[in-house]
Colleague: 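What follows is a structure written as structure tokens; I'll ask about it next.
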Amino acid sequence: MSTVRKVLGAVLWYARELTGEAEYDRYRARHRRHHPHAPVPTRGEYERLRTLRRECEAPGRCC
Amino acid sequence: MPTSVMPESGRPAPEGPPSARSRMTPRSIVLWSAVALLGAVGWGVLALSRGEEISAVWLVMAALGSYAIAYRFYSRFIARRVLQVDDTRATPAERLEDGVDYHPTDKRVLFGHHFAAIAGAGPLVGPVLAAQMGYLPGTIWIIAGVIFGGAVQDMVVLFLSMRRDGKSLGQMARDEIGRVGGVAALIGVFAIMIILLAVLAMVVVNALAESAWGTFSVTMTIPIALFMGFYLRYLRPGRVVETSFIGVALLLLAILGGGWIQDSSLAEYFVWSPETLVFCLVGYGFVASVLPVWMLLAPRDYLSTFMKVGTIALMAVGVVIAAPTLKAESVTEFASTGAGPVFAGGLFPFLFITIACGALSGFHALVSSGTTPKLIQKESQVRLIGYGSMLTESFVAVMALIAACVLEPGLYYAMNSPAALLGPTVETASAAVKGLGFTITPDQLTAAAKAVEEQTLVGRSGGAPTLAVGMSEIFAGVFGGAGMKAFWYHFAIMFEALFILTTVDAGTRVGRFMLQDMLGNVWKPIGRVTWKPGIWITSALVVGAWGYFLYAGVTDPLGGIKQLFPLFGIANQLLAAVALAVTTTMLIKAGKLRWAWVTGIPLAWDVAVTFTAGWQKIFSDDPKIGFFAARNLYADAIDAGKLLPGATNADDMHTIVLNNTVDGVLMAIFLVLVLTVLVNCAMVCVRALRSAEPLPTTEAPYVESRIDLPEQRGSEPLVGAGS
């Protein structure tokens with residue numbers, strides 16, 4: 001049972017990392033470290049910034 | 001600014017040869033001998049079987065054995081001796097960490113990112129077409145090509161870009177070989193991008209034309225992606241995994257729904273002609289590339305990634321469990337005669353340009369020199385990420401080849417020959433296939449189409465339908481039996497179309513950024529990436545350019561795939577020539593002439609292949625191969641008032657003349673551009689070799705790394721670590 005949970009956990013970890021879902025967690029930690037007094041942007045605000053950033057860069061996709 | 005003169009800037013080279021510190025243990029000697037043996041048995045069976053049908057498992061074994069050996073030994077040799085990776089040196093991800101562009105990323109995650117970025121529909125199409133020469137030549141090229149060419153290119157470009165804070169290939173070309181070469185490289189990349197998009201879009205058109213099921217399910221991907229986009233933005237911001245699961249579930253429903261639509265009275269609304277599909281795709285390409293990223297591009301990208309990983313894993317399991325037998329001959333007569341119906345020309349050079357992605361793909365150099373190098377945690381990881389990802393893509397190509405070769409050859413040729421040869425009915429197709437030396441009865445053709453619930457499989461060129469029939473054959477053998485064949489066929493079509501539509505969207509954006517960059521030098525406002533009219537104008541230009549070639553290909557009486565695919569293959573491999581030439585020059589400039597053969601040999605091979613192919617495409621007297629020979633033949637016939645085979649009326653004749661002229665001129669432009677880069681590189685190399693002092697390096701200076709990974713404390717110290 002615990003092996004199954006471990007494998008599922010690993011798969012979920014990988015999927016979250018690969019899709020960038022986990023990015024916000026890191027961003028929040030980083031923001032708290034660098035700007036301890038400023039309010040942290042919410043998840044929604046952060047995701048908007050993230051897609052806005054993608055707007056201005058060429059997507060790296062290939063054949 | 002040059003900062004120091006030697007590549008090991010600011011730091012002495014590690015003491016002693018690395019090999020002295022990593023002697024193999026008896027256990028690993030046994031293990032690697034076993035791997036070598038496994039691969040050798042696979043190759044042995046492939047080489048020795050003549051005339052009898054063999055199992056695809058041998059092919060898989062030969063591939064995996066070779067990859068393992070190459071990864072363990074050759075990629076390590078390149079990392080240690082040639083590139084001299086140094087894990088005490090901070091990567092740009094560490095030095096310049098900003099949480100946005102630069103941040104050290106777990107190597108397994110980065111492997112996934114990089115693989116998803118390099119692998120698209122390319123490795124699925126080329127091998128299917130190359131199956132015309134039998135499974136053996138294609139297999140040998142895919143495996144040898146990736147080990148000594150493709151994977152080396154990806155890894156070396158990745159490393160060199162990483163040492164320069166993630167500079168793009170174009171920037172490196174400009175910095176290392178000068179302005180002229182840099183500009184030629186830039187224009188070349190843009191032109192190649194256009195052809196690539198046209199050819200991939202043509203694959204979708206050929207797969208969906210006259211198929212209500214396919215058209216419905218692929219069209220549904222647009223509302224599904226839009227739904228995901230809105231869900232992610234307004235309902236559950238950032239919950240990508242959850243959203244992707246919902247998306248994949250909806251996608252499967254869309255495939256099932258397609259089957260239902262096909263049998264209902266709604267079917268006629270989804271049966272579209274190739275020309276209609278062209279206009280839909282062009283319209284889609286424009287709208288998708290100007291819509292905000294969150295609406296369509298991002299969710300589609302998540303869907304593609306999940307489908308990609310899932311289907312490839314499924315395919316690997318399917319091939320191993322079902323262990324299908326290869327029905328194709330190992331080497332067909334078309335390999336020597338060059339008279340095959342799928343693409344014209346002999347084994348050398350045309351096999352090697354037909355299979356580009358999966359063996360050696362120049363396009364990867366663009367990904368390897370853009371985003372990925374900014375995310376690498378430790379220098380030694382370029383092995384896994386650069387070399388390893390490319391080996392994985394190569395394996396995808398091997399599986400595509402297997403899927404094409406499990407088909408009865410008669411069916412394969414009935415699907416992939418140009419429509420002009422096959423004629424309109426199953427009877428004419430059957431007769432045409434017989435003329436090629438293979439047999440399939442009209443009844444068998446009808447039955448094959450019925451099994452996957454398509455109106456017909458005759459003349460469904462482009463690779464996707466063939467791959468889909470092969471995959472349905474393999475999958476149905478493992479999951480669900482013959483009753484599931486139609487589902488798996490449309491699953492495969494959807495899977496490939498999804499990839500391609502993502503590429504159409506992303507590629508149009510890439511092309512637009514390039515065009516904005518170039519035009520921005522002439523007229524400033526158009527270069528601004530946030531100025532809407534600028535975005536619309538440049539997007540329209542890019543879409544118009546590939547749309548033209550798409551339309552020309554789809555309406556080409558001689559068969560667009562046959563005409564344009566060689567152009568795409570040559571273009572892609574020419575880009576590889578640029579990447580390999582730039583990297584070889586950089587190695588020589590860094591005083592590594594001794595090791596320059598590592599990229600120099602694949603470069604020499606690639607130049608020989610592409611320039612021979614290009615030369616033949618321009619100057620061959622055979623109208624089946626030479627663009628201008630065909631042009632002259634048809635132009636003379638127009639003057640004489642005659643109709644030639646392939647054309648049904650005078651308009652067709654003019655179309656053929658025009659298309660061949662455009663393709664021939666384009667081919668010549670590609671060759672001249674790449675030749676400019678090559679000559680420029682050679683001049684820089686000569687200068688570097690003649691110079692008494694080493695030329696200044698463009699590497700970022702050495703900074704000591706503070707990241708300490710547990711894996712490095714193991715028994716095998718990496719170069720430079722702790723010395």
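All values derive from a computational prediction rather than experimental measurement.
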Colleague: Side chains of B:V542 and B:F190, heavy atoms from C-beta outward: is any pair under 4.5 Å?
Modeller: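 Side-chain contact under 4.5 Å: yes.
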Colleague: Please report the C-alpha distance between B:L232 and B:W294 in whole Å, then the side-chain angles of each, then the deciding distance to 0.1 Å, and finally whether the side chain to side chain contact (heavy atoms under 4.5 Å, CB included) criterion is met.
Modeller: CA-CA 8 Å; B:L232 267 174; B:W294 64 265; over 6 Å; no
Colleague: Is B:Q516 in contact with chain A via its backbone, its side chain, both, or neither, using a 4.5 Å heavy-atom distance?
Modeller: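 No part of it gets close to chain A.
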Colleague: Name the region of A:E47, side chain, backbone, both or neither, that has any atom closer than 4.5 Å to a heavy atom of chain B.
Modeller: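 Contact with chain B is through the side chain of A:E47 alone.
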Colleague: Kindly compute the distance separating CZ (B:F115) from CZ (B:F111), expressed to the nearest 0.5 Å.
Modeller: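 The CZ atom of B:F111 is 7.0 Å from CZ of B:F115, to the nearest 0.5 Å.
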Colleague: In terms of heavy-atom pairs under 4.5 Å with chain A, which of B:L110, B:L124, B:V529, B:V241 leads?
Modeller: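 Top count of heavy-atom pairs under 4.5 Å with chain A: B:V241.
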Colleague: Drop me the distance from A:L18's CG to B:T105's OG1, to the nearest 0.5 angstrom.
Modeller: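 Interatomic distance, A:L18 CG to B:T105 OG1, rounded to 0.5 Å: 11.0 Å.
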Colleague: Just wondering, do A:Y24 and A:V40 contact through their side chains at under 4.5 Å, heavy atoms?
Modeller: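 The answer is yes; the side chains approach within 4.5 Å.
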Colleague: Restricting to side chain to side chain donor-acceptor pair (under 3.5 Å), what partner residues turn up for A:Y46, sequence neighbours left out?
Modeller: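 Testing A:Y46 for side chain to side chain donor-acceptor pair (under 3.5 Å), a comparison that skips the adjacent residues, returns A:E23.
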Colleague: With a 4.5 angstrom heavy-atom cut-off, is it the side chain or the backbone of A:R54 that approaches chain B, or both, or neither?
Modeller: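 For A:R54, backbone and side chain are both near chain B.
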Colleague: If you tally heavy-atom pairs under 4.5 Å against chain A, which of B:S304, B:G511, B:G99 wins?
Modeller: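 Max contact count across the listed options: B:G99.
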Colleague: Is the shortest heavy-atom distance from the side chain of A:L49 to the side chain of A:E45 under 4.5 Å?
Modeller: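 In short, these two side chains do not touch, never coming nearer than 4.5 Å.
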Colleague: Which one wins on heavy-atom pair count under 4.5 Å against chain A: B:V240, B:I535, B:L366?
Modeller: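 Result: the option with the highest number of such pairs is B:V240.
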Colleague: With a 4.5 angstrom heavy-atom cut-off, is it the side chain or the backbone of A:R50 that approaches chain B, or both, or neither?
Modeller: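 When you check distances to chain B, only side chain atoms of A:R50 fall under 4.5 Å.
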Colleague: With chain A, which of B:R233, B:M193, B:R239 has the greatest number of heavy-atom pairs at distances under 4.5 Å?
Modeller: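 Top count of heavy-atom pairs under 4.5 Å with chain A: B:R233.
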Colleague: Among A:L12, A:T19, A:T42, who wins on heavy-atom pairs under 4.5 Å with chain B?
Modeller: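 If we count pairs closer than 4.5 Å to chain B, A:T19 comes out on top.
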Colleague: Please look at B:L235 and chain A and tell me whether the side chain, the backbone, both or neither of the residue comes under 4.5 angstrom of a heavy atom of that chain.
Modeller: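 For B:L235, no heavy atom lies under 4.5 Å from chain A.
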Colleague: Is chain A contacted by the side chain of B:F306, its backbone, both, or neither, given a heavy-atom distance below 4.5 Å?
Modeller: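 It is the side chain, since no backbone atom gets that close.
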Colleague: Report which part of B:R236 has an atom under 4.5 Å of a heavy atom belonging to chain A: side chain, backbone, both, or neither.
Modeller: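 Answer is neither: B:R236 stays 4.5 Å or more from chain A.
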Colleague: Please classify the contact between A:Y27 and chain B as side chain, backbone, both or neither, with a heavy-atom cut-off of under 4.5 Å.
Modeller: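 It is neither, since no heavy atom gets under 4.5 Å.
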Colleague: Could you have a look at B:D505, B:V309, B:I500, B:D106 and say which one has the most heavy-atom pairs with chain A under 4.5 angstrom?
Modeller: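 Between B:D505, B:V309, B:I500, B:D106, the count favours B:D106.
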Colleague: Using only atom types and a distance under 3.5 Å, with no angle test, would you say the side chain of B:S394 pairs donor to acceptor with the backbone of B:G358?
Modeller: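 Checking the backbone N and O of B:G358 against the side chain of B:S394, a donor-acceptor pair under 3.5 Å is found.
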Colleague: Look at the rings of B:Y234 and B:F230 and say which category their plane angle falls in: under 30° parallel, 30 to 60° tilted, over 60° perpendicular.
Modeller: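 Parallel.
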